[in-house]
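If you read the sequence from its start, that first residue is 1, and numbering goes on from there.
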Amino acid sequence: MHEYTSKPRVWGLTCPGFPEEVSRARRWTRDILRGSPLAEVAELIVSELSANAILHTATGRDSGSFHLALAVSPRIVALSVTDDGGAGTAPKVEHQDQEAEHGRGLGMVSAIAHRVVVHDSDGGHTVTAELFAGPHTGGHSCC
(Lines give C-alpha, C1' and ligand atoms only; values in the text may rest on other atoms or scores of the structure.)
Protein backbone atom coordinates (compact mmCIF):
# COMPACT_ATOMS: atom_id res chain seq x y z
CA MET A 1 0.00 0.00 0.00
CA HIS A 2 1.30 3.41 -0.88
CA GLU A 3 2.43 5.31 2.21
CA TYR A 4 0.40 8.41 1.28
CA THR A 5 -2.90 6.59 0.90
CA SER A 6 -5.11 7.56 3.82
CA LYS A 7 -8.34 5.80 2.90
CA PRO A 8 -8.68 2.08 3.56
CA ARG A 9 -8.56 -0.14 0.50
CA VAL A 10 -10.65 -3.30 0.40
CA TRP A 11 -10.25 -6.41 -1.75
CA GLY A 12 -12.47 -9.50 -1.98
CA LEU A 13 -12.04 -13.02 -3.33
CA THR A 14 -14.46 -15.95 -3.43
CA CYS A 15 -12.95 -19.43 -3.66
CA PRO A 16 -14.53 -22.86 -4.14
CA GLY A 17 -14.35 -24.99 -1.00
CA PHE A 18 -11.52 -27.22 -2.19
CA PRO A 19 -8.41 -27.71 -0.01
CA GLU A 20 -6.11 -26.54 -2.82
CA GLU A 21 -7.84 -23.15 -2.72
CA VAL A 22 -6.09 -22.40 0.58
CA SER A 23 -2.82 -21.89 -1.30
CA ARG A 24 -4.63 -19.56 -3.72
CA ALA A 25 -5.92 -17.53 -0.74
CA ARG A 26 -2.36 -17.31 0.64
CA ARG A 27 -0.91 -16.15 -2.69
CA TRP A 28 -3.69 -13.56 -3.09
CA THR A 29 -2.98 -12.18 0.39
CA ARG A 30 0.79 -12.15 -0.19
CA ASP A 31 0.36 -10.34 -3.53
CA ILE A 32 -1.84 -7.62 -2.03
CA LEU A 33 0.42 -7.09 0.99
CA ARG A 34 3.71 -7.32 -0.90
CA GLY A 35 6.27 -5.21 0.97
CA SER A 36 4.21 -4.91 4.15
CA PRO A 37 5.82 -6.07 7.42
CA LEU A 38 2.47 -7.75 8.19
CA ALA A 39 2.39 -9.87 5.00
CA GLU A 40 3.73 -13.13 6.47
CA VAL A 41 1.48 -13.05 9.53
CA ALA A 42 -1.53 -12.15 7.37
CA GLU A 43 -0.77 -15.03 5.02
CA LEU A 44 -0.61 -17.46 7.94
CA ILE A 45 -3.94 -16.20 9.32
CA VAL A 46 -5.69 -16.44 5.94
CA SER A 47 -4.35 -19.96 5.52
CA GLU A 48 -5.67 -21.08 8.89
CA LEU A 49 -9.08 -19.42 8.59
CA SER A 50 -9.61 -20.71 5.04
CA ALA A 51 -8.65 -24.25 6.01
CA ASN A 52 -11.02 -24.09 9.00
CA ALA A 53 -13.88 -23.00 6.75
CA ILE A 54 -13.25 -25.95 4.42
CA LEU A 55 -12.81 -28.52 7.19
CA HIS A 56 -15.53 -27.53 9.62
CA THR A 57 -18.41 -26.06 7.59
CA ALA A 58 -20.54 -26.62 4.50
CA THR A 59 -17.84 -24.74 2.58
CA GLY A 60 -15.99 -28.05 2.10
CA ARG A 61 -19.05 -29.86 0.73
CA ASP A 62 -20.34 -29.94 -2.87
CA SER A 63 -20.74 -26.45 -4.30
CA GLY A 64 -19.35 -24.85 -1.13
CA SER A 65 -17.22 -21.73 -1.14
CA PHE A 66 -15.57 -19.25 1.17
CA HIS A 67 -15.15 -15.52 0.78
CA LEU A 68 -12.10 -13.53 1.80
CA ALA A 69 -12.04 -9.81 2.44
CA LEU A 70 -8.85 -7.87 3.03
CA ALA A 71 -8.99 -4.26 4.22
CA VAL A 72 -5.76 -2.28 4.40
CA SER A 73 -5.15 1.15 5.87
CA PRO A 74 -1.96 2.76 7.16
CA ARG A 75 -2.73 1.56 10.70
CA ILE A 76 -4.55 -1.77 10.30
CA VAL A 77 -4.88 -4.87 8.15
CA ALA A 78 -8.20 -6.68 8.63
CA LEU A 79 -8.61 -10.18 7.19
CA SER A 80 -12.05 -11.81 7.07
CA VAL A 81 -13.09 -15.29 5.98
CA THR A 82 -16.79 -16.06 5.59
CA ASP A 83 -17.91 -19.69 5.41
CA ASP A 84 -21.10 -21.35 4.15
CA GLY A 85 -22.30 -22.34 7.64
CA GLY A 86 -23.65 -25.76 8.52
CA ALA A 87 -21.35 -26.28 11.49
CA GLY A 88 -24.10 -25.92 14.08
CA THR A 89 -22.00 -23.67 16.30
CA ALA A 90 -19.90 -20.57 15.78
CA PRO A 91 -16.13 -20.95 15.54
CA LYS A 92 -14.48 -20.63 18.94
CA VAL A 93 -11.08 -20.88 20.50
CA GLU A 94 -10.57 -24.36 21.94
CA HIS A 95 -7.85 -25.23 24.39
CA GLN A 96 -6.34 -28.49 23.14
CA ASP A 97 -3.43 -30.43 24.58
CA GLN A 98 -0.06 -30.45 22.83
CA GLU A 99 -0.74 -33.80 21.13
CA ALA A 100 -4.03 -32.80 19.47
CA GLU A 101 -3.92 -32.79 15.67
CA HIS A 102 -6.92 -30.45 15.28
CA GLY A 103 -8.65 -27.70 17.21
CA ARG A 104 -5.78 -25.29 17.84
CA GLY A 105 -6.00 -23.09 14.73
CA LEU A 106 -8.30 -20.35 15.93
CA GLY A 107 -6.35 -20.21 19.20
CA MET A 108 -3.17 -19.67 17.21
CA VAL A 109 -4.87 -16.92 15.18
CA SER A 110 -6.04 -15.29 18.42
CA ALA A 111 -2.50 -15.40 19.77
CA ILE A 112 -0.90 -13.67 16.79
CA ALA A 113 -3.66 -11.24 15.79
CA HIS A 114 -4.35 -8.11 17.78
CA ARG A 115 -8.07 -8.81 17.75
CA VAL A 116 -10.31 -11.62 16.47
CA VAL A 117 -14.07 -11.21 16.04
CA VAL A 118 -16.54 -13.95 15.07
CA HIS A 119 -20.04 -13.07 13.90
CA ASP A 120 -22.98 -14.61 12.03
CA SER A 121 -23.14 -13.85 8.33
CA ASP A 122 -25.86 -14.99 5.89
CA GLY A 123 -26.27 -18.51 7.29
CA GLY A 124 -22.57 -18.91 7.98
CA HIS A 125 -19.94 -17.21 10.07
CA THR A 126 -17.31 -14.58 9.43
CA VAL A 127 -14.05 -14.60 11.35
CA THR A 128 -12.13 -11.33 11.19
CA ALA A 129 -8.57 -11.00 12.41
CA GLU A 130 -7.05 -7.55 12.80
CA LEU A 131 -3.35 -6.73 12.69
CA PHE A 132 -2.23 -3.29 13.81
CA ALA A 133 0.78 -1.57 12.30
CA GLY A 134 2.89 -0.16 15.09
CA PRO A 135 3.86 -1.01 18.66
CA HIS A 136 0.70 -2.93 19.69
CA THR A 137 1.06 -6.42 21.09
CA GLY A 138 -0.99 -9.42 19.94
CA GLY A 139 -3.03 -11.99 21.77
CA HIS A 140 -6.25 -10.08 22.34
CA SER A 141 -9.47 -11.61 21.09
CA CYS A 142 -13.14 -10.97 21.19
CA CYS A 143 -15.80 -13.41 20.08
Side-chain angles (χ1 to χ4, degrees), residues 1 5-143:
M1 181 167 173
T5 303
S6 60
K7 291 167 64 174
R9 298 196 59 199
V10 180
W11 292 264
L13 176 70
T14 299
C15 298
F18 304 126
E20 56 270 20
E21 291 295 314
V22 174
S23 63
R24 178 179 173 207
R26 283 194 311 261
R27 277 192 313 274
W28 178 80
T29 302
R30 183 176 51 242
D31 288 347
I32 291 170
L33 295 176
R34 187 174 313 272
S36 168
L38 299 175
E40 284 185 32
V41 174
E43 187 180 349
L44 177 63
I45 289 170
V46 163
S47 180
E48 188 59 44
L49 297 180
S50 299
N52 283 352
I54 292 167
L55 284 171
H56 301 295
T57 73
T59 293
R61 298 185 198 133
D62 290 340
S63 302
S65 63
F66 62 97
H67 182 76
L68 290 104
L70 176 57
V72 179
S73 74
R75 299 192 58 148
I76 190 167
V77 171
L79 309 141
S80 297
V81 174
T82 302
D83 63 43
D84 280 347
T89 61
K92 64 180 186 275
V93 175
E94 295 180 10
H95 301 285
Q96 299 288 344
D97 64 36
Q98 295 286 348
E99 304 300 317
E101 292 185 25
H102 299 287
R104 295 190 308 240
L106 195 52
M108 185 257 319
V109 169
S110 294
I112 61 175
H114 295 98
R115 187 167 84 129
V116 175
V117 179
V118 178
H119 60 275
D120 293 339
S121 180
D122 295 328
H125 295 93
T126 298
V127 179
T128 301
E130 297 175 352
L131 300 169
F132 301 133
H136 302 283
T137 57
H140 305 289
S141 65
C142 171
C143 294

- Query: Between OG of Ser50 and CD1 of Ile45, what distance do you get to the nearest 0.5 Å?
  - Reply: 11.5 Å

- Message: Checking Arg24 now: which residues fulfil salt bridge (charged side-chain N to carboxylate O under 4.0 Å, His left out) with it, not counting sequence neighbours?
- Response: Glu21

- Query: Val10 and Ala71: which non-hydrogen atoms are nearest, and at how many Å?
  - Reply: CG2-CB, 4.0 Å

- Item | Rounded distance (nearest 0.5 Å) linking atom CZ of Arg30 with atom OG of Ser23 | 9.0 Å

- Query: Of the non-hydrogen atoms in Asp84 and Thr59, which two are nearest, and what is the gap between them?
  - Reply: N-OG1, 2.9 Å

- Item | Phe66 backbone acceptor or donor facing Asp83 side chain under 3.5 Å | no

- Item | Inter-residue atom distance Leu38.CG - Leu44.CG, 0.5 Å rounding | 12.5 Å

- Item | Positive for side-chain contact (heavy atoms from CB on, under 4.5 Å) with Val77, one of Thr29, Val41, Leu70 | Leu70

- Nearest-0.5 Å distance, CG of residue Leu68 to CZ of residue Arg26: 12.0 Å

- Kindly give the heavy-atom pair with the smallest separation between Leu131 and Ala113, and that separation in Å. CD2-CA, 3.8 Å

- Item | Closest heavy-atom pair and its distance - Ile54, Phe18 | CD1-O, 3.3 Å

- Query: Under the 3.5 angstrom rule, does the side chain of Ser110 hit a backbone N or O of Leu106 as a donor-acceptor pair?
  - Reply: yes

- Query: So, does His119 use its side chain to make a donor-acceptor pair with the main chain of His125 at under 3.5 Å?
  - Reply: no

- Do the side chains of Glu43 and Val46 get nearer than 4.5 Å, heavy atoms only? no

- Task: Looking only at non-hydrogen atoms, find the nearest pair between Pro74 and Ala133 and report the distance.
- Result: O-CB, 3.6 Å

- Item | Spacing of Leu79 atom CG and Leu33 atom CG [to the nearest 0.5 Å] | 7.0 Å

- Item | For Ser80, all residues meeting side-chain contact (heavy atoms from CB on, under 4.5 Å), sequence neighbours excluded | Ala69, Thr126, Thr128

- Note on the structure: Taking every heavy atom of Val81 against every heavy atom of Ala53, the minimum-distance pair comes out as CG1-CB, 4.2 Å

